[in-house]
Colleague: 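The structure under discussion is supplied below as structure tokens; questions concerning it will follow.
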2 protein chains.
Amino acid sequence: MKTRDKILLSSLELFNERGERNVTTNHIAAHLAISPGNLYYHFRNKSDIIYEIFLEYEKLVDFYLDIPEDRAMTLADMTFYLESVFDGLWSYRFFHRDLEYLLDSDQRLRQDYREFTQRCLTAINRIFERLAEAGIIEAQPEALRAAMSLNVWLVVTNWMAFLKTAHAEETYANLTLNELKQGIYQVLTLELPYLTPAYRDRVLELREQYRPTLSDQEEAAPELSRVASR
Amino acid sequence: MKTRDKILLSSLELFNERGERNVTTNHIAAHLAISPGNLYYHFRNKSDIIYEIFLEYEKLVDFYLDIPEDRAMTLADMTFYLESVFDGLWSYRFFHRDLEYLLDSDQRLRQDYREFTQRCLTAINRIFERLAEAGIIEAQPEALRAAMSLNVWLVVTNWMAFLKTAHAEETYANLTLNELKQGIYQVLTLELPYLTPAYRDRVLELREQYRPTLSDQEEAAPELSRVASR
DNA sequence: GTATTATTAGAGTATATACTCTAGGGAGTC
DNA sequence: GACTCCCTAGAGTATATACTCTAATAATAC
């Protein structure tokens, strides 16, 4: 593998593990057992590394959220979107942690991320539209659908931060992908009131599969899971 | 005013304006025109300053979310809770920005914030319960109410970060309290499906007052101030 | 082969940051 | 005056951090 790619890979790994703020370019170089000079031969600065990682993230999510228009949407499609989005969040989880600082430090990133958010919101909106066409949820006025899409986005992008704060002693690294995917339970909660009678039970069943389990949560926030599973 | 209090006040101001990461203890001292030595006479370190500011924040929100149990809850009560919570978020807005780093750096804060989150979730849950008792929303099973409360929390605590990313050129400091309060529109969107027929129109009307408008992006929304000073 | 280009090492630097240390001022008390 | 206590100034420090510079080595082209 090219040194350049190794730098990107190691950076992502270290950022995810320790948080961007706690990872210096010297750390990255040391982790790869290369010199700082070598690192700076491939990247002008730390921001450039982060920006390239963002481009990968963007590409991944854009790929996941590509919506086929040639056939009716299914529950399986919806599940795929949800799973994929949380997979993406997991793989690039450092990103949302220091989002505001990163955007303040890099104008390109700021602009790109803004457009990325817009595309995601549009995609969520379109998914709701297609779910309505497929008879899975009731059709809603555009204004409501837009507000609902935004709420989905807010829940999805904040779920990880919430999980982290719900943990007591463990650090950032102690989250698991499975815990993260319990965010799907929260997203499906948003959809519940709009489900058609024909699909309501099936979605409820699907939702149950993501319900925070005792064993997962007990270490983290015992009193929460008791409430949530009552 | 005591130097100690001035330090807390200036720190909060600078943190809110520039972000905690961009504000050093030397900046704070310089801003107050006192010596670093003086600052460190009053606080052992930067973490201690942040922790004390958090205690103020916690106190404020706990005060706002105290729920009277001696009378039925009203729409005015709900409006008050929403307005208050966003006021609190605004006044201590630096906090959620660097939340994960702050919690990683200070065990006390981590523990306290975790309990604080739990109290907030319990309060939101109780508000839903009381709204149902008052006939404003339909009663829901406890499990659903818990999931809904969590979604409210996620939307509320992530709304500001979203607004920041939605802005194109402006920096952190360019947010306004009025824009922030459009988050109320999003929270009320969550409640919509559960409203009783008797209250549905009134809540819809209330919600309209917080709807994001085009003019809001450039100037403060005049109609919001009326609600704010109920 | 030689010339050129791409890559790498590693020492080094300017700046920033959190924090320390010593000396002393001012106010109250005896 | 002298003593005490609280507060303050300001120079200073150890460490970290992002990044640079030079020289050498490997790869490729001719």
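Order of the sequence lines fixes the chain letters, A, B, ..., with proteins taken first and strands second; residue numbering starts at 1 for each chain.
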Colleague: Answer yes or no: does a side-chain N or O of B:His27 lie under 4.0 Å from OP1 or OP2 of C:dA18?
Modeller: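 No, outside the criterion.
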Colleague: Could you tell me the separation between the NZ atom of A:Lys46 and the C1' atom of D:dT17, rounded to a whole number of Å?
Modeller: 9 Å
Colleague: Within this structure, what is the CG-to-P distance between A:Leu39 and D:dC21, rounded to whole angstrom?
Modeller: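 Going from A:Leu39 (CG) to D:dC21 (P), I get 16 Å.
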Colleague: Has B:Arg21 got its NZ or CZ under 6.0 Å from the middle of the six-membered ring of B:Tyr101, at an angle within 45 degrees of the ring axis?
Modeller: no
Colleague: Taking CD1 from A:Ile28 and P from D:dT17, how many angstroms apart are they, rounded to a whole number?
Modeller: 12 Å
Colleague: Can you tell me which nucleotide in D:dT8, D:dC7, D:dT20 comes closest to the side chain of B:Lys2?
Modeller: D:dC7
Colleague: Parallel under 30°, tilted from 30 to 60°, perpendicular over 60°: which one fits the rings of A:Phe15 and A:Phe94?
Modeller: tilted
Colleague: Is the phosphate of C:dC19 approached by B:Tyr40 (side-chain N or O, under 4.0 Å from OP1 or OP2)?
Modeller: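 For B:Tyr40, the contact criterion (side-chain N or O under 4.0 Å from OP1 or OP2 of C:dC19) is met.
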Colleague: Any non-hydrogen side-chain atom of A:Gln111 less than 4.5 Å from a side-chain atom of A:Glu115?
Modeller: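 They are in contact (side-chain heavy atoms under 4.5 Å apart), so the answer is yes.
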Colleague: Within the structure shown, what part of the strands sits under 4.0 Å from A:Ala33 by heavy-atom distance: base, sugar-phosphate, or nothing?
Modeller: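 Sugar-phosphate contact only.
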Colleague: Parallel, tilted or perpendicular for A:Phe54 and A:Phe116, by the 30°/60° rule?
Modeller: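 Ring orientation, 0 to 90° scale: perpendicular.
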Colleague: Would you indicate, yes or no, if D:dA18 has its OP1 or OP2 atom less than 4.0 angstrom from a side-chain nitrogen or oxygen of A:Asn45?
Modeller: no
Colleague: If only side-chain N and O atoms of B:Tyr41 are considered, is one of them under 4.0 Å from the OP1 or OP2 phosphate oxygen of D:dC7?
Modeller: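 Yes, within the criterion.
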Colleague: Between A:Ser35 and C:dA9, does any side-chain N or O lie under 4.0 Å from OP1 or OP2?
Modeller: yes
Colleague: Find the distance B:Asn22:CG to C:dT15:C1' and express it as a whole number of Å.
Modeller: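 Atom-to-atom, B:Asn22 to C:dT15, this comes out as 16 Å.
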Colleague: Is the phosphate of C:dA18, meaning OP1 or OP2, less than 4.0 Å from a side-chain N or O of B:Thr25?
Modeller: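 Yes, because at least one side-chain N or O of B:Thr25 sits under 4.0 Å from OP1 or OP2 of C:dA18.
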Colleague: Rounding to an integer number of Å, can you tell me how far A:Phe43 CZ sits from C:dT7 P?
Modeller: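 In whole Å, C:dT7 P lies 12 Å from A:Phe43 CZ.
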Colleague: Roughly, in whole Å, what's the span from CD1 in B:Ile50 to C1' in C:dT17?
Modeller: 14 Å
Colleague: Between C:dT7 atom P and A:Asp5 atom CG, what is the distance in whole Å?
Modeller: 12 Å
Colleague: C:dA6 phosphate, OP1 or OP2: any side-chain N/O from A:His42 under 4.0 angstrom?
Modeller: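 Answer no for this pair, as no side-chain N or O of A:His42 is under 4.0 Å from OP1 or OP2.
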Colleague: For A:Asn26 and D:dT17, is the shortest distance between a side-chain N/O and OP1 or OP2 below 4.0 Å?
Modeller: no
Colleague: Would you verify whether the NZ or CZ of A:Arg211 falls within 45 degrees of the ring axis of A:Tyr185 while also being under 6.0 Å from that six-membered ring's centre?
Modeller: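 Pair A:Arg211/A:Tyr185 does not count as cation-pi.
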Colleague: Atom CD1 of A:Ile7 to atom P of C:dA6: distance rounded to whole Å?
Modeller: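 In whole Å, C:dA6 P lies 17 Å from A:Ile7 CD1.
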Colleague: Consider the side chain of A:Asn38, meaning its heavy atoms from C-beta on, and name the nucleotide among D:dA18, C:dA9, C:dC19 that approaches it most closely.
Modeller: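 Of the candidates, C:dA9 comes closest.
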